[in-house]
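Computed from a predicted structure; not experimentally measured.
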Amino acid sequence: MPQPIPAHSSRTPSRSALSAPSRPSLPFRPSRPLPTHATSTPAHTPVLTVTADALVVADFGPRTRRPRRPPGPYRRLLATPGARAFTAGNLLARLPAGMFSVSAVVMIAGTRGSYALAGAVTATGLAATALAAPWTARLVDRYGQARAALPATLVAALGSLALLLCVRWDAPAWTLFAAYAATATTPNTGGMARARWAHLLKGDSGALHTANSFEQAMDELCFMLGPVLAAFLCTGLFPEAGTLVAVVLLVTGMLLFTAQRSTEPPARPRPNAKAPLRTPGIPALLVVCLATGGVFGATEVVTIAFADAQGHRAVAGAVLALQAAGSCAAGLLYGALKPAGPAARRLPWCVAAMAALLTLPLLAASLSGSLPLLALTLLVAGMATAPTMVTTMTLVQQRTPRDRLNEGMTLAVTGLLGGIACGSAAGGWTVEHVSPAAAYAIPVTAAATALLLALPSPRTPRHSLRDAAHRH
């Protein structure tokens, strides 16, 4: 009968053996202990046994564990107390931003049979948002996110539901404009999340850079998934389904977000600082945002027109999603790095990269006319979008007085919205009067304009930029 191996520990022994059948064996210990390294721990002698032509070694010594890898920048970021809770709620509330416009267009055009009416209604809502958003952000700064943002969200939700009912009951056209204009009170959810990070990470510029990159990547993710989800709901279920689900997500997400009071920045009932529009450096950044928005608006319209001209309009959304995917990936990578130099010096380089990469879709559309090649170039071109937006928002945070931070970031978003409207109009005009391929020159022109505006003025002293960057 084979003899068992002596067990002097509860650990499971690690074995290495030559392949051989199980035969009777005799346990033994070596005549001389095996050499051990000179350490502070006692030497452990392995137990050996032989089975005819097989040698079995059982080592009961302590196992050495590999050192754990240090956590990455995003894992450290989300380990901040309360960060995961407010991030989850904010993402739920932010996803409808990419759903409302598409849902409204599909809902109105599908029931009224007019894309012109649908476009006019959404354009009215965009203009109303550009006017109302800074005032909403000012209330958020003054009274706090929970006291101001939640009521504003409920008003916007009622406006969306009113639009749904007006479309459903075939109300007069003017009621659609009035109802959709009421959605302009929707708070800047991305700006409020960035304000929380600025409050939690104040004094840590590296962690704040990672947070801004994370938020930009989440913006791209929401604008990549939102239109797809809205189109699926409106076409797969019923025309009003996209708007209805977006309202539920917005209200639920805002309730969860504002419930996280421990991470909320303090309210500033009587701000001492002057308005962001009168703060040095902010007006110049808003003009850069206006030109950058022109890139986004023109690219969207021209890509849809180009895909339609190729007979593949149904895949235009997927092509645009590739651009957002490239920006999302680049944003996460940019946040994991530690860029050198102040943000004011990095911005022109980021905008220059965006302008250079946007020439790729122009070349692909003009020289080849291939939609797959165009999609690939848009994926590459999108990789410069996130670094540009992250650096821009970092500068807005640095130059805006802390007690008016939501207002400053909302003004930047308002500039982007205005640029999107102008870029859409310019791109559409060029598509109709020239060609879809030639219209890709509009995003390149807008990016080149943003580059000229981002370059520091020769009359601006270098030390003033450095002081603005370290004001807080």
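Proximity of L455 to V351: side-chain heavy atoms (C-beta onward) are nowhere separated by under 4.5 Å. Under the 4.5 Å side-chain criterion, counting only non-hydrogen atoms from C-beta, T87 is in contact with L91. At least one side-chain heavy atom of P266 sits under 4.5 Å from a side-chain heavy atom of H199. By the 4.5 Å heavy-atom criterion applied to side chains, L347 and T392 are counted as neighbours. Taking the side chain as every heavy atom from C-beta outward, T391 and Y334 approach each other to under 4.5 Å. Residues F257 and Q145 form a side-chain contact, since some pair of their non-hydrogen atoms from C-beta on lies under 4.5 Å apart. Side-chain contact between M99 and L233 is present, with heavy atoms from C-beta onward closer than 4.5 Å. You'll find the side chain of T292 reaches within 4.5 Å of the side chain of F296, heavy atoms only.
Y440 and T430 are not linked by any side-chain donor-acceptor pair at a separation below 3.5 angstrom, with hydrogens and angles left out of the test. Under the 3.5 Å distance criterion, with hydrogens and angles disregarded, no donor-acceptor pair is assigned to the side chains of R196 and Q260.
G369 and Q310 make their closest contact through O-OE1, 3.3 Å (heavy atoms, listed as atom of the first residue, atom of the second, distance). Nearest heavy-atom pair across P81 and T263 is O-CG2, 3.6 Å. Minimum heavy-atom separation, A291 to L453: CB-CD1, 4.3 Å. The two residues A146 and P151 make their nearest non-hydrogen contact at O-CD, 4.0 Å. Here the closest non-hydrogen pair linking A181 and A128 is O-CB, 4.0 Å. Residue V295 comes nearest to T299 through the heavy atom pair O-OG1, 2.6 Å, listed as atom of the first residue, atom of the second, then distance.
R94 CZ to D219 CG: the interatomic distance, rounded to the nearest 0.5 Å, is 4.5 Å. Note that the CZ atom of R346 and the CG atom of L395 stand 8.0 Å from one another [nearest 0.5 Å]. Put simply, CE on M107 and SG on C166 are 9.5 Å apart, with the number rounded to the nearest 0.5 Å. Note that the OG1 atom of T186 and the CZ atom of F100 stand 6.0 Å from one another [nearest 0.5 Å]. Note that OG1 of T111 and CG of L176 are 8.0 Å apart. Values are rounded to the nearest 0.5 Å. Between atom CG of residue L95 and atom CG of residue N90 there is a gap of 11.0 Å, rounded to the nearest 0.5 Å.
For the pair R138 and W135, the cation-pi test (distance below 6.0 Å, angle within 45°) is passed.
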List the atom pairs, with distances to 0.1 Å, where a side-chain N or O of residues 353-365 and a protein N or O form a donor-acceptor pair under 3.5 Å, not counting sequence neighbours.
residue : atom : partner : partner atom : Å
T359    : OG1  : A356    : O            : 2.5

Identify every side-chain donor-acceptor pair in residues 152-162 under 3.5 Å, counting partners at least two apart or on other chains, and give the distances.
residue : atom : partner : partner atom : Å
T153    : OG1  : A149    : O            : 2.8
S160    : OG   : A156    : O            : 3.4

Which pairs of donor and acceptor atoms, one on a side chain in residues 373-390, lie under 3.5 Å apart (sequence neighbours left out)?
residue : atom : partner : partner atom : Å
T377    : OG1  : L373    : O            : 3.3
T377    : OG1  : L374    : O            : 2.6
T385    : OG1  : G382    : O            : 3.4
T388    : OG1  : C350    : O            : 3.3
T388    : OG1  : A384    : O            : 2.9

Could you walk me through whether M393 and V413 pass side chain to side chain contact (heavy atoms under 4.5 Å, CB included), step by step? CA-CA 10 Å; M393 287 299 179; V413 174; 4.2 Å; yes

Can you list the steps and then say if M254 with T258 is a side chain to side chain contact (heavy atoms under 4.5 Å, CB included)? CA-CA 6 Å; M254 192 58 68; T258 54; 3.9 Å; yes

Show the numbers, then the answer: is there a side chain to side chain contact (heavy atoms under 4.5 Å, CB included) between T243 and L163? CA-CA 9 Å; T243 300; L163 175 67; 5.5 Å; no

Passes side chain to side chain contact (heavy atoms under 4.5 Å, CB included), L290 versus L286? Steps please. CA-CA 6 Å; L290 185 69; L286 297 184; over 6 Å; no

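Other residues, nucleotides and ligands place more than 12 heavy atoms under 6.0 Å from the CZ atom of F177.
Of the possible polar contacts, none joining the T252 side chain to the L249 backbone as a donor-acceptor pair under 3.5 Å is found. Put simply, the side chain of T80 gets close to the backbone of L77: a donor and an acceptor are under 3.5 Å apart.
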